[in-house]
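Okay, so here's the structure we're looking at.
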Amino acid sequence: MPFRLLKYALKKEHPAPRFFKAHEMPKKSYDVVIIGGGGHGLAAAYYLAKDHGISNVAVLEKGYIGGGNTGRNTAIVRSNYLTPEGVNFYDASVKIYEGLSEELDLNLFYSTRGHFTLAHTESAMRTMRWRAEVNKHVGVESRVVGPDEIAKACPQLDLSCSGQAPILGALFHAPGSIARHDGVAWGYARGADSYGAEIYQNTEVLSIDVKNGKVCGVQTNKGYIETKQVLSAVAGFTPRITEMVGLETPIVIHPLQACVTEPMKPWLDTILVSGSLHVYVSQSSRGELVMGSSLDPYEVHSTRSTLDFVEGLTSHMLDMFPFLSNVKVVRQWAGMADMTPDFAPIMGKTPIEGFYLDAGWGTWGFKATPISGKTMAQTIANDSAPDLIHTFRLSRFEDYELTGEKGAASVGH
Amino acid sequence: MKLLTCPINGTRPLSEFIFGGEYRQAPDQNTCSDAEWAAYVHNRQGAPGDKKEWWYHSPSGTWFIAERNTQTDKVARTYLLADAKKVVKESK
Amino acid sequence: MSLRNSYKPGEWINRAKEINFTFEGEAFTAFEGDTISSALWAAGQKVLGRSFKYHRPRGVLSLANHDVNILMTDGTDTNMRADVVEVKDGMTLQAVNTIGGVKKDKNNYIDSISPLLPVGFYYKAFHTPRKLFPFWEHMIRKAAGLGIVNFDYPRILKRKLHTHCDLLIIGAGPSGLTAACKAASAGLQVTLIDENRHLGGSLSYDHGGHKVSAEYGEDLLKKIESLPNITVRVGAYAAGYYPDHFIPIVETGGITKVRAKAVIVASGAFEQPPVFRYNDLPGVMLGSAAQRLIYRYGVKPCHNGIVFTANDYGYRVALDLLAAGANVLAVVDLRAGGNGGLHNLELCKRGVKIYAGHCVYEAVATSDKSKVRGAVICAYDDKNNVALTDNKFTVDCDGIVMSAGWAPAAALLYQAGTAMQFDYDVQQFVPSRLLDGIFAAGKVNGIFELDQRMRDGERAANDALNYLGKLAVNTNAEKHSGGAPSHAYAMVPHPKGKNFVDFDEDIQIKDFENAAKEGFDNIELMKRFTTVGMGPSQGKHSNMNAIRILAKIRGLPVEKIGTTTSRPFFHPTPMGHLGGRGFHPHRLTSLHDWHEAHGAVFTDIGAWKRAAYYPQFGQTKADAIQAEAMAVRKSAGLIDVSSLGKIEVHGPAAAEFLERFFTGKYANQKIGTWRYTLLLDEAGVVVDDGVASRVADDLFYLSIGTANAAMVYREMQRCQQEWRLDIGLVNVTGAFGAINIAGPAAREILSSLTELDLSTEAFPLGHFRETTVANVPTKVIRASFVSDMAYELHSPMRQVPQLWNALMDAGKQKGLRAFGSDTQRLLRLEMGHTIPGIDTDGLTNPYEIGAEWVIKMDKPYFVGQRSLSILSKRPLRKQLVAFTLAANFKGEVPLECNLVIDSGEIAGRVTSISYSKFIDRIIGFAYVAPAKKAVGSSFDIRTDNGLLVAATVVATPFFQLQEA
Amino acid sequence: MPILRVIDLSAHERYGVKGPQAAKWLASHGVATPKNANAWVLNKGKTLVMRLGTSEFLIEDQTDGKTCEKLASDTKRVVGVYKVPHADASYLLAGSEVLNMLSELCSLDLGESALAENELVMTQLAGISATILRQRMDKETVYRVWCDGTYGVYMQHVLRNIAVELGGSVA
C-alpha cells in the first residue's frame with residue numbers, strides 16, 4: 001500500500017485541502033475569461049498560467065466542473081486518426097496524458113489497454129489500412145492485424161459475431177487507453193487554481209459584449225466582467241455561445257449515448273470498437289463495462305436517453321460477447337456532441353477579435369483535453385494559433401478546405 | 001420511442017422516419033457571393049429553438065416538414081412542403 | 001436455529017413443497033416460493049454477502065431489490081439478487097466477491113485497513129512512480145468488480161413485444177390497485193404492473209400487528225379480478241420512462257414495450273436506513289424487510305429485537321415483530337417526543353420499553369464481527385443531530401430493525417420530466433409539476449396513510465380519465481396528515497465512523513464531510529467523488545441521506561441541494577432482454593438459389609446478399625476472380641446485377657429534373673440512348689454515379705449503384721417536393737432484376753435469344769433497346785462498365801431466372817460462365833472506370849477524379865454547381881490517376897489504401913489495385929499530387945512493410961498496356 | 001380457431017399505378033377506389049383495391065381474377081398516370097395468436113379497436129417496410145401483409161419461425 005495514504009489513517013482531521021478555492025463573486029475584470037469548466041476549459045486555464053504566466057483568468061461554469069461531456073464520455077484516449085494533422089494532434093495529447101497523473105499529482109487511472117477497431121467488411125479493412133499507414137507515417141503505433149491477434153488479446157470475443165458480421169481483422173492501436181474522466185477535470189481545476197486562476201461554478205454567461213468586432217466583456221448571472229479575451233470551451237453548448245457574438249458555424253448538436261453494466265471481475269483488458277456493429281466497449285477499473293454507440297441521428301439539445309439506443313447496443317454486444325446475456329445494464333446516459341461536417345474540431349481564432357473557439361469536438365473531445373488546453377492557451381497568449389491546430393481553423397469551411405477525417409466517419413469514435 | 005406524425009400516414013414511432021436536416025432556403029446562386037454560398041453549404045443555425053426540418057417516412061416514402069423545438073424535442077406540427085403556405089396562413 | 005414460523009394465510013411460500021439447495025457447500029432446505037435470502041435467513045444463516053469495498057459481512061437489508069448486500073452466483077449466472085430471486089431445487093449457491101466464501105472471506109482484512117482508504121483514495125495514490133501504476137491497477141481491478149462472468153453462459157435472446165393500453169399503472173399497492181379499479185370501471189383499458197410476484201404492495205406485509213390492511217388487500221384484489229379490462233403483470237418492472245409514454249416492462253420472459261395513453265406512477269417509496277455505527281451488520285435490517293420476512297415468507301427476523309425508529313412506522317413494525325413471536329426489547333425513537341399514536345399505547349400495554357429522544361449509537365458485533373449481538377443506546381439531541389453518550393447503555397439483541405423514513409421511488413417521474421419539490425411536512429421530495437398524461441399516487445406522492453393512499457389512487461385515476469377525455473369527477477389531491485413519515489436527519493455521528501450511508505459502495509458519513517472539505521460540495525460532484533449512488537442499486541437507499549448530509553454540511557435547506565439526475569434503468573436490466581431477439585433483414589435477388597447451387601461466395605452490400613465469386617473446387621479467391629475475368633475477356637461472362645437501384649422518372653419535366661439533379665445534360669438526349677449520370681451534394685462532393693436511359697420524351701430509366709440506391713431515390717423524392725416539376729418517380733429496384741452479359745461472345749449468345757438486331761450499326765455503344773429476350777420482356781443497355789462488348793438486361797425480377805438460364809444454355813458452347821461482384825471490380829478496373837465510395841471518399845470533388853467531361857456548367861442549375869464554381873477557382877489538392885507497376889513486378893504488392901509518398905510526405909493513396917491476368921500487369925488507381933498526373937510520370941507507393949514501389953501513370957483503359 | 005396460420009399469397013396477380021390522375025384513370029377502367037388515403041375496398045370478384053397514401057394504388061386479384069391482367073394490357077402512357085411494376089411478397093396471417101405474432105414484428109397497435117375497418121397501414125414489420133390490413137374472410141379475421149419481393153425469403157423465414165414457436169402452422 002503506498003505510503004501516501006498513511007497520512008489519512010494517521011491524521012485526525014482529513015488532511016486533504018480543497019481542490020480549488022470557492023470564490024464568492026467574480027472580479028470586475030480578467031485578462032481572459034474561459035466559458036466552460038469542463039476538461040478543455042480548465043486545461044486551457046491551467047496552461048495559460050503554467051506555460052504563459054497568464055493567471056488573471058476566470059473559468060465560468062454554468063453547472064459544476066466536469067459536468068458536461070467531460071463527465072459523460074466513455075473515457076477513451078487514442079490517436080489513430082486518418083489525417084496526418086489529426087494523428088499528430090491527438091498523439092501530442094496522448095503524450096501529455098501519459099505523464100498527466102504525475103504532473104497533476106492525481107491518479108487519473110490512465111490505463112493503456114491497446115485499442116482494436118474491428119473490421120467486418122473488406123471496405124472497413126481498407127479504411128483500417130489507410131489509418132494504419134498514416135499512423136505509421138507519423139510515428140504512431142497502429143497496424144492492421146488479423147483475427148488471430150484479436151483472439152489472442154481478447155479470447156472471449158466471438159470472431160464470427162454470432163454469424164452476423166464475421167471479423168476480418170482490425171486496426172490495432174497500442175497506445176489506446178482509458179482514463180478516469182472526472183479526474184481529468186478535477187486535476188486541471190486544482191492545477192489552474194494553484195496558479196491563481198479562479199473557477200466559478202453555477203455561473204452562467206448570459207451575453208458577450210462585442211464592440212467594433214472586438215470582445216470587451218461578458219454578462220453573467222453574477223454580474224458583468226470586463227475582458228478582452230474570451231475562450232468558448234462549452235462542447236454541446238457552442239451554438240448558444242456563438243449566437244451571442246453573431247458567429248455562424250457548421251456545428252449541429254446531436255446526442256451521444258452511453259451505458260454501463262454492473263461491475264464484474266476483470267476480463268476485458270482491451271478497448272474494442274466495431275464500426276459496423278456501432279459498439280465501443282472497455283471495462284473500467286471498477287469492473288463495469290462502459291459502452292457507447294454512434295451518434296443519435298437527429299439534432300436534440302438535451303441529454304435524454306432512448307430505448308432504441310440501448311436495445312441496438314446490447315444486441316450488438318451480444319453478437320460479440322454471447323455470454324453476456326444475463327449481465328445487466330445499470331444506467332444509460334447521454335452527452336450533447338457538437339458535430340462538424342468533416343468530423344474535426346474547430347479551434348483557434350474567429351473573425352471577432354478576442355473571441356476564441358474550442359469547439360466541434362463531437363464525440364472525441366475527451367482524448368484531446370490536454371492538447372486542446374495547451375494549444376488554446378498558446379492561441380490566446382499569442383493571439384495566433386499554433387501550426388498544430390491550423391488545420392482545425394474555422395475559416396476552413398469558407399475555404400472549402402475541410403479536413404480528411406470524414407473518410408473515417410464509418411468508424412466509431 | 002418518440003412518436004412523430006406523418007401528415008399522410010399518421011402517428012408512428014421515430015424508427016420509421018429518417019431525419020433530413022433543417023429545411024433551408026438556398027441563396028440565389030447567381031447573385032450570392034462565394035462566401036455566402038460557402039456559409040449556406042456548411043453553416044447551420046445550431047442554437048436550440050423552433051426549427052423547420054425535413055423528415056421522411058420510410059415505409060411510405062413521404063417527405064414532410066416538421067416544426068420541432070430542438071431543445072424540448074416537441075413537435076408543434078407537421079405538414080407537406082406543398083401545404084406550407086396554407087399551414088402558415090391557417091395559423092395566422 | 002430455525003427462524004421459520006408456522007403457517008399464516010397470505011404467505012408467498014408453499015409449505016407443501018420442500019426444496020433442497022446448498023450455499024457455500026452447506027445444505028439447506030426451503031419452501032417453494034422462498035427467495036434465496038428468505039430461505040437462508042429462515043435457517044439462521046445471516047452472513048449472506050460481502051460488501052464491495054471493505055468486504056464487510058452483510059445480510060438482509062431491504063429484502064426488496066433496493067440494495068445489493070446479497071449477490072450470489074449459482075455457477076452459471078452471476079450477481080444474482082438473492083433477496084428477490086426464488087430459490088430452486090438443487091441450486092448450488094455462492095456469494096460473489098469473496099475469497100473463500102462469505103464466512104471466511106480472505107479479503108476481510110480490507111475492512112481493518114479502511115482508514116488507509118479515505119474517500120477518493122484511488123485518486124490520491126498509486127500513480128507515482130508511473131511505472132508501478134500497472135501493478136497497482138492490476139490489484140485494484142481484481143479487488144473491485146463483483147461476480148465472475150461465466151464465459152459459457154448461453155446466448156439468450158428474449159422475444160420483445162409491443163403492447164398498447166389507455167392507462168398504465170406502475171405499482172400494485174393500495175393506491176395503484178384503487179386507481180386500476182376506478183379507471184377500469186370507467187371503461188379504460190388498464191395495464192397494471194408490479195415488480196413483486198403478487199399484487200398488493202405493502203398490503204401484503206405492512207400490518208402493524210393487525211389484519212385490517214390484509215383485508216383491504218383482499219377486497220381490492222377481488223375487484224381487480226372481476227374487471228376484464230385490466231391486464232395484470234406481476235414480476236414485471238418498468239425499466240424506464242421514454243418520451244410519449246413508452247415504457248419497457250421487464251419480466252423473466254422478456255421485455256414488453258408498452259405505449260400508453262396515460263400513466264399513473266404508484267411506485268411507492270424505498271425505506272431509508274438510519275445511519276449509525278455498524279448499521280450494516282447482519283441482523284440490522286429495515287422495518288419493511290422485517291415485515292416482508294414475517295408475512296411473505298413466514299420467517300422471524302430475529303428472536304430478540306430492537307426497533308430503531310424515527311417515525312410512526314417503526315411502531316407498526318414493532319407490533320409485527322411481536323405478532324411474529326419475536327421479543328421486542330426496546331423501541332428507540334430518535335424523535336424527542338417520540339410518538340406512534342395508538343401503536344405506541346398498544347406497545348406500552350404489551351410491555352415494550354420505548355425510548356423517545358434516543359438513538360442506537362452503535363450496533364455491537366459478535367466476536368467474529370459476523371452479526372449483531374447488541375445495541376448501544378443513548379439519548380439523542382434531535383435538534384443538533386448528535387448523540388448524548390453520557391448515559392449510554394447496551395442491550396443484547398440479535399436484531400435491530402430500522403425505520404427512519406422513505407425516499408420516493410420517483411425514478412420514472414424524473415425521467416418523464418417531472419419537477420419535484422421538497423415537502424417539509426412529509427420530509428420528502430414530491431412531484432410539483434407533472435407532464436401531460438403522467439400522474440402520481442400514493443407514497444411517491446408523499447401520501448402514507450392507508451385510506452389516504454387509496455383515495456389518492458382514485459384521485460389519480462380521475463385525473464387520468466379527465467386527461468383522456470372521459471367524464472370523471474374531480475377529486476382534490478390528498479395531503480398527508482399526521483407526523484412526517486420521514487425523519488429530517490436520522491443520522492448518528494460517531495467518532496469511529498463505519499456509519500454507512502451507501503451500502504453498495506461502503507460510504508460513511510465522514511466520506512461526505514471529507515469530500516466536501518476537498519471542494520466536492522455540489523451534489524453531482526459529491527456523487528462522482530464519493531461514488532454514492534453509483535453502485536448497482538443506484539442510490540435507492542442512499543441518495544436521500546447523501547442529500548441530507550450535504551445540506552447539513554453546507555448549512556442549506558434540502559431543496560437547495562437538489563437531486564442527482566435519474567436515468568434508466570429502474571433495476572439493472574439484462575442485455576439478453578434489452579438486445580433481445582432482433583431482426584436481420586436481407587434482400588435476395590431472384591437468382592439467389594442459382595448462385596448458392598453454384599458455390600457462390602456471398603458478400604453483403606447494404607441489405608443485399610450478392611454473389612462475389614464462384615470458386616471452383618480448391619480455387620483461391622484470387623484464382624477464382626482471375627478465371628472469371630479471363631472468361632469475360634476471352635469469351636463471355638454473366639453477372640447478376642439485380643441489386644442495382646432502378647428508378648423511372650416519368651413526366652413532361654423528366655429531362656429537366658435530371659438536368660437539375662445530375663451534372664450532365666439530358667434535354668437533348670435521344671430516345672434509345674443512355675448517358676452517364678454523376679450526382680454531387682451541395683458542397684460539390686461526388687455522391688454517386690449511374691446511367692440514364694431515355695425510353696421516351698417523358699420517361700427516363702435510371703440505374704444506379706447498389707449501395708446508394710435507397711438514398712439517391714430518397715433525395716430525388718425530396719427534390720421533387722422542392723422543385724415541383726411535373727414528374728412522377730417510380731422506384732422499380734425490387735420489381736426488376738438485371739443481368740450483365742459481357743465479353744467478345746456476348747453479342748452472339750444474346751442474339752440467339754432475341755429478334756433484336758445487335759449489330760454495331762443498329763445498336764451501337766451508348767444505346768439501349770426494349771425487346772424480348774428468351775420471351776422475357778427486357779430493356780437492353782449497351783453499357784461498357786466491364787467490357788466494350790456488354791449488354792445489361794433489365795427484366796421483371798421473377799422472370800430473371802428464365803432469362804439467366806436461357807443465356808447460360810445458349811452460351812454453354814461459347815465458354816460463357818457466371819462471374820461475381822468481386823470479379824466485376826477487377827473488370828471495371830481494367831476498363832478504367834472508377835467507383836464512387838471506393839475511388840472517392842467523403843470529400844472528393846469531381847475535378848479530383850477527372851470528371852470534368854460530365855460537368856455541364858452552362859446549365860442554369862444543378863445540385864453542387866455553385867460549389868463547383870468556387871472549387872474550380874482553387875488549386876487541386878490531389879488527382880486520381882491510373883497506374884501500373886513495372887512489367888513482371890515481383891516484390892511486395894501494394895494494397896488498397898497504401899500511401900503514395902512524395903519526398904517523404906503523404907501525397908495520396910491507392911484506391912484500387914489488382915493484378916490483371918489478362919493484361920498481365922498490376923494496375924490500379926491512386927491519388928497523387930496534381931503535378932504528377934501526366935501519363936508517364938512515376939510515383940512511389942509505400943507497402944505495408946515500408947518498401948517503396950515505383951508506379952507509372954498510364955492512360956485508360958489499361959488494355960493499351962497489353963498492346964504496348 | 002387454429003393457433004396461427006401463415007399462407008404465402010405472393011403468386012397472386014397485382015397491378016400498381018400512381019400519379020395525380022391515377023384514381024381517375026382507374027375509375028375510367030371500371031375500378032372503384034377507396035375515397036380516403038390509406039384505405040382499401042373490395043371490387044367485384046373480391047379484387048382488392050388498396051390506396052397507398054394519397055395517389056398510389058395497388059390492386060390484387062384473387063387466384064382466378066382478371067382485373068390486373070386487363071389493366072396491364074390497357075395501360076398507355078398518360079401524363080399523371082404512372083404504372084408501378086410490382087414483385088411483392090405477400091402473406092396471409094390468421095389464428096388466435098396472430099396479434100401475439102404481430103406484436104413482436106410491429107410496434108403499432110393492430111388490434112380490432114385500433115385498426116379501423118378498411119384501413120391500410122404502411123409501416124415496418126420485422127424491420128422492413130410493409131403494408132398491412134385486416135380483413136374478414138369466411139368469418140375469420142385475417143391480416144394481410146405485403147413487402148418488397150426481394151425481402152420475401154427473409155420475411156417468410158421470420159414468419160415461419162415465430163409461427164412454429166407459437167404452435168402454428170405454415171402453408
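So you know, we letter chains A, B, ... as the sequences are listed, proteins then strands, and number each from 1.
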message = I'd like to know if the side chain of A:K265 and the backbone of C:A144 have a donor-acceptor N/O pair within less than 3.5 Å.
response = yes
inquiry  = Given A:R129, which partner from the list C:N898, C:V910, C:L899 fulfils the side chain to side chain contact (heavy atoms under 4.5 Å, CB included) test?
reply    = C:N898
request  = Ignoring hydrogens and angles, tell me if any N or O in the side chain of C:N79 forms a donor-acceptor pair with the backbone of A:P263 under 3.5 Å.
outcome  = yes
key: Which residues share a side-chain hydrogen bond (donor to acceptor under 3.5 Å, both in side chains) with A:R331, sequence neighbours left out   = none
message = Please report whether the ring centroid of C:F126 lies less than 6.0 Å from that of A:F109.
response = no
inquiry  = Determine whether a donor-acceptor pair (N or O, by modelled atom type, separation under 3.5 Å) exists between the side chain of A:S325 and the backbone of C:L157.
reply    = no
query = Hey, do the aromatic rings of C:F121 and A:Y8 have their centres closer than 6.0 Å?
reply = no
inquiry  = So does C:G579 get a backbone contact from the side chain of A:S315, meaning a donor-acceptor N/O pair under 3.5 Å?
reply    = no
message = Between C:K257 and A:E311 (salt bridge meaning N to carboxylate O under 4.0 Å), is one present in this structure?
response = yes
query = With distance as the sole test, does C:K124 use its side chain to make a donor-acceptor pair with the main-chain N or O of A:R4 at under 3.5 Å?
reply = no
ask   = Does the side chain of C:F569 reach to within under 4.5 Å of the side chain of A:K328, using non-hydrogen atoms?
value = no
ask   = Hey, are A:S111 and C:E137 close enough side-chain-wise for a donor-acceptor pair under 3.5 Å?
value = yes
request  = For the pair A:E122 and C:K621, find out whether any cationic side-chain nitrogen is under 4.0 Å from an anionic carboxylate oxygen.
outcome  = yes
